[in-house]
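Reminder, nothing fancy here: chain letters follow the sequence lines and each chain counts from 1. For clarity, every value in this text was computed on a predicted model and none was experimentally measured.
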Amino acid sequence: MSLKLMTYLVVGATFALYLYIAFKARASTTGEFYVAGKGVHPVLNGMATGADWMSAASFISMAGLIAFKGYDASVYLMGFSGGYCLLAMLLAPYLRKYGKFTVPEFIGDRYYSNFARVVAVICLIVASLTYVIGQMKGVGVAFSRFLELPYEVGLGVGMVIVFFYAVMGGMKGVTYTQVAQYCVMIFAYTVPVVFISLQLTGNPIPQLGMGAQMTGDDMFLLDKLDQTLVDLGFNEFTAQKGNTLNIFLFTLSLMIGTAGLPHVITRFFTVPKVRDARSSVGWSLVFIAILYTTAPAVGAMARLNLMETIHPTSGANAGEWLKYDERPQWFKNWEKTGLLTFEDKNKDGLIQYVGAKNKEFENEMVKVDRDIMVLANPEIAKLPNWVIALVAAGGIAAALSTAAGLLLAISSSISHDLLKGIVMPNMSDKSELLAGRIAMAGAILVAGVLGLNPPGFAAQVVALAFGLAASSIFPALMMGVFAKRVNNIGAVCGMLVGLGSTLVYIFWFKGWFFIPGTAMAADNASNWLFGIGPSSFGAIGALLNFTVALAVSSITKAPPEHIQHLVEDIRVPMGAGSAVEH
Amino acid sequence: MSDAQKYWQANIRLVIGCLIVWFIVSFGFGILLVEQLNSIRILGGYPLGLWFSQQGSIYTFVVLIFFYAWRMNKLDIKFNVREN
């Protein structure tokens, strides 16, 4: 069976499965899982959160960045997972205790101000929209490859599908569908790398294969990779390239941002009890960790196989460059998308793929989009077609489910918090729904257009979104629980300064509103303030937010008595209401 | 000091303890000390600093969250603020 047909079959089958479960679950268990006081079991909630969480950035993009950046891309692994500690210890149980529907609602109540609520809505929209741009990049890559069309067309197809998917409710709220999505994703992610790890090292567990010796060679896998890369003029995989301050702040931004992203926080509003919120965060991380600890192996092994394909170090063609006419099928397919580009600079018909330190050749692989690596990985390793099709299904599920979740967060914050909550309290349910759909379509359009020329690879765009969430939402939430003295004026000033400074810093290097060509300075380390990149600035923004909020609060009036009681009440689990339905 | 204050203080102490470990395994071992630790190898050929940044820190985070949840549940019972 041809790969194309196989891909359509597998993607179609997984979608049929999600629909079937959604239909069954809706018919038989309405009111069973979300009954007052019962909520969703922490383990299932954890798995569903894992599906919500694992987006195009985690699934498609992260391992590709690890493949090309090596150690420096560890920031994504530590950042995306470490944030769950902050979430479990600083936010989730308390917000569950408070038991409101949206994050801006909590901020509006705790800081007794509609203005604070509006500012929170703005922060949420800015962060979520940026996040969706990253997802659109992933969606575009996946669809362009499997329809064998240019990236721009793939993106257009993806936009239409995302819109319908999100309008259907993204199948959100049906926990079992998300559990099924998680299973498809984790299966799709781990199966190819188990095969590859077995091929390369003889060890089927990729986490162990990373440290193992190569089959038929006494070299360790990572040493082999380092040597291959250095021989061709690239940087070592295992060595640090960027400056330590930047790596430190980048990781911190991602961690704080993880705990500040509204679509993740609201997941823990649905567990039955406060103590379940604590353990459910742990379960989420268990399921996420399965993918994250596998990702370095995916990246390292994919890179090694890519280099071996183009410049084998053993076998009949050892030491020779791959002939362009003899390039494998996956190479041709990715060329069609425009995400992989070869230019025969020295007209010898051979593919010279070398790093900047190589003196002998010019690099002829002029474009290797990092986001293609995970999808191309099973093809490069010559795995069977069904495995390749499975990875496609997983990637599409990851990008669609997260994009839909974020679009729902954006539309509910506009229709529920902004319009119904503040501007037009008498709005009918019907017009609230309509406003939500219009907001959703608008968000997809904006994200899609900006996704044509995204400000980075999927995970890098997502990192910017985390910086924005870190600098604006997380500090306001944390101080809401831990700093009783912080008042309305302090919180609003903090959020505005945090979001404003981070946004300006990002736009300065990435272009105003991410419009290409409007950047004030080239985005490279020599222009950055103290070597701090735009993706790392979220931590500084958060620090500014905390400082300003605490300083302003200390010289203005303390919050009223009932707010202080509210905070004291949030701090103890006893007396929590039943779980809210999402 | 009231029971509520004692409960909150015990909670803060626990959180700070956990966050110190959180900091050491990620920012400490995975970033600040990565070069030094890379001279040690585990699992055969995995440099330890790199291992912490790609694997070890994540495993520790998982354990930390469950540890925190377990201790907090005990505190809830001790201070009689557990939900029914």
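- Between B:Asp76 and A:Arg278 a salt bridge is recorded (basic side-chain N to carboxylate O distance below 4.0 Å).
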Inset, instruction - Evaluate the criterion ring pair (Phe, Tyr, Trp, His ring centres under 6.0 Å) for residue pair B:Trp51 and A:Tyr71; output intermediate values, then yes/no. - result: CA-CA 10 Å; B:Trp51 183 81; A:Tyr71 163 76; over 10 Å; no
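- Note: A:Phe482 and B:Trp8 have tilted aromatic rings, judged against thresholds of 30 and 60 degrees for the angle between ring planes.
- Of the listed residues A:Gly282, A:Ala239, A:Ser284, the one with more heavy-atom pairs under 4.5 angstrom with chain B than any other is A:Gly282.
- Of the inter-residue distances, the one linking A:Leu90 atom CG with B:Cys18 atom SG reads 10.5 Å to the nearest 0.5 angstrom.
- Note: A:Thr244 OG1 to B:Leu33 CG = 10.5 Å, rounded to the nearest 0.5 Å.
- Remark: B:Tyr46 OH to A:Phe220 CZ distance equals 14.0 Å, nearest 0.5 Å.
- Note that the OG atom of A:Ser81 and the CZ atom of B:Phe61 stand 5.0 Å from one another [nearest 0.5 Å].
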Inset, instruction - Kindly indicate, with the supporting measurements, whether the criterion side chain to side chain contact (heavy atoms under 4.5 Å, CB included) is fulfilled by B:Ile65 and A:Cys85. - result: CA-CA 6 Å; B:Ile65 294 177; A:Cys85 289; 4.1 Å; yes
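- Residue A:Lys484 qualifies as enclosed at atom NZ: its count of foreign heavy atoms under 6.0 Å is above 12.
- Between A:Gln240 and B:Glu35 the shortest side-chain heavy-atom distance falls below 4.5 Å.
- Closest approach of B:Ile58 and A:Ala289 over heavy atoms only: CG2-CB, 3.6 Å.
- Taking both residues in full, the closest heavy atoms of B:Gln54 and A:Ile66 are given as NE2-CG2, 4.2 Å, listed atom of the first, atom of the second, then distance.
- For a residue to count as touching a neighbouring chain, one of its non-hydrogen atoms must lie under 4.5 Å from one of that chain's; by this rule B:Val34 touches chain A with the side chain only.
- Using a 4.5 Å cut-off on side-chain heavy atoms (C-beta onward), B:Met72 and A:Pro573 make no contact.
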Inset, instruction - Could you give me the CA-CA distance, side-chain angles and deciding distance for B:Phe27 and A:Phe248, then say whether ring pair (Phe, Tyr, Trp, His ring centres under 6.0 Å) is met? - result: CA-CA 7 Å; B:Phe27 295 98; A:Phe248 188 99; 4.6 Å; yes
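- With contacts defined as side-chain heavy-atom distances shorter than 4.5 Å, the pair A:Met574/B:Asn80 does not qualify.
- Under a cut-off of 6.0 angstrom, the local environment of CZ in B:Arg41 is crowded, with over 12 non-hydrogen atoms contributed by other residues, nucleotides or ligands.
- In terms of heavy-atom pairs under 4.5 Å with chain A, the best-connected choice from B:Pro47, B:Ala4, B:Gly30 is B:Gly30.
- Put simply, of B:Ile12, B:Leu32, B:Asn38, B:Leu14, the one with the most heavy-atom pairs under 4.5 Å next to chain A is B:Leu32.
- Distance check: B:Ile77 CD1 to A:Arg275 CZ gives 8.0 Å after rounding to the nearest 0.5 Å.
- Per-residue heavy-atom pair counts under 4.5 Å with chain A were compared for B:Leu43, B:Val62, B:Ile31, and the maximum is reached by B:Ile31.
- If you tally non-hydrogen atom pairs under 4.5 Å between each of A:Asp223, A:Ile288, A:Leu208, A:Val281 and chain B, the highest count goes to A:Asp223.
- Within the model, atoms CE of A:Met210 and CD of B:Gln55 stand 7.0 Å from one another, a figure rounded to the nearest 0.5 Å.
- Annotation: B:Lys78, atom NZ; neighbour count of heavy atoms from other residues, nucleotides and ligands within 6.0 Å does not exceed 12.
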